[in-house]
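Heads up, the thing below is written out as structure tokens.
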Amino acid sequence: MKIKRNESFRYHFDEPITGEFYLVKEGRRTPAGLMEIHNISPSGIAIATPLKLPIDRSTSIVVEFSLLLGSEPLNVSGQILHEKWTEAQRLYGVRLDTTKEDQQRIIEAIKQIVKEKP
């Protein structure tokens with residue numbers, strides 16, 4: 001499977017955004033875990049967590065996060081594509097199964113973040 005990291009744009013956060021995730025396999029859900037989002041595109045994110053996550057096509061990950069304070073959280077499923085060690089955490093690349101509406105919400109939130117940046 002080819003990893004598509006060079007999309008039309010990918011936004012890297014100065015300070016990671018926190019959120020939650022859980023895994024689903026064969027209809028069974030794990031307890032929620034904490035994550036930090038380091039970068040995002042309309043169809044993918046890089047998350048960091050101290051937990052070891054399986055890179056397995058039969059397991060999906062569901063992430064829930066809010067890019068803007070006070071905005072409704074986005075809840076999207078996806079697949080973990082790769083893993084990399086960074087300091088005391090693991091960094092995972094996740095391909096999101098986003099709808100056009102989800103992608104538009106992500107793009108609009110990133111535009112707002114850039115606009116408010118000093």
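Note that the coordinates shown come from a computational prediction; the quantities given were computed from them, not determined experimentally.
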How about [X] and [Y]: do any of their side-chain heavy atoms sit closer than 4.5 Å?
X      : Y     : value
Lys117 : Asp14 : yes
Ile107 : Phe9  : yes
Gln79  : Val94 : no
Val24  : Thr59 : no

Is Glu108 salt-bridged to Lys111, cutoff N-O under 4.0 Å?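 Looking at Lys111 together with Glu108, the answer is yes, because their closest N to O distance falls below 4.0 Å.
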
Nearest 0.5 Å please: distance from the [atom1] atom of [X] over to the [atom2] atom of [Y].
X      : Y      : atom1 : atom2 : result
Arg95  : Ser41  : CZ    : OG    : 11.5 Å
Asp56  : Lys25  : CG    : NZ    : 4.5 Å
Ser43  : Leu96  : OG    : CG    : 7.0 Å
Gln103 : Lys100 : CD    : NZ    : 5.5 Å
Ile61  : Thr30  : CD1   : OG1   : 8.5 Å
Ile37  : His12  : CD1   : NE2   : 13.5 Å

Sequence neighbours excluded, which residues qualify as side chain to side chain contact (heavy atoms under 4.5 Å, CB included) partners of [X]?
X      : result
Pro50  : Gln89
Ser71  : Ser66, Leu68
Asp102 : Leu74, Val76, Thr98, Thr99
Thr49  : Phe21, Leu51, Leu53, Tyr92

Surrounding NZ of Lys52 (heavy atoms of other residues, nucleotides or ligands, distance under 6.0 Å), is the total greater than 12?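 Enclosed: over 12 neighbouring heavy atoms sit under 6.0 Å from NZ of Lys52.
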
Mind checking whether [X] and [Y] sit in one hydrophobic cluster, side chains of I, L, V, M, F, W, Y counted as touching below 4.5 Å?
X      : Y      : answer
Val114 : Ile17  : yes
Ile80  : Leu34  : no
Val62  : Ile106 : no
Ile45  : Leu91  : no

Taking every non-hydrogen atom, the tightest pair across [X] and [Y]:
X     : Y     : value
Asp97 : Gly78 : OD2-CA, 3.7 Å
Pro31 : Tyr22 : O-CB, 4.1 Å
Glu20 : Ala32 : OE1-CB, 4.1 Å

Pair Ile110, Ile40 - check side chain to side chain contact (heavy atoms under 4.5 Å, CB included), show working. CA-CA 9 Å; Ile110 292 170; Ile40 190 166; 3.7 Å; yes

Using modelled atom types only, decide if a donor and an acceptor are shared between the side chain of Glu83 and the backbone of Gly93 within a distance under 3.5 Å.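 No: the side chain of Glu83 does not pair with the backbone of Gly93.
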
Those residues that, when tested against Glu116, pass side-chain hydrogen bond (donor to acceptor under 3.5 Å, both in side chains) (two or more places apart):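 Result, side-chain hydrogen bond (donor to acceptor under 3.5 Å, both in side chains) vs Glu116: Gln112.
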
Going by ring pair (Phe, Tyr, Trp, His ring centres under 6.0 Å), name the residues that satisfy it together with Tyr11, two or more places apart in sequence or in a different chain.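 So Tyr11 forms a ring pair (Phe, Tyr, Trp, His ring centres under 6.0 Å) with Phe13.
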
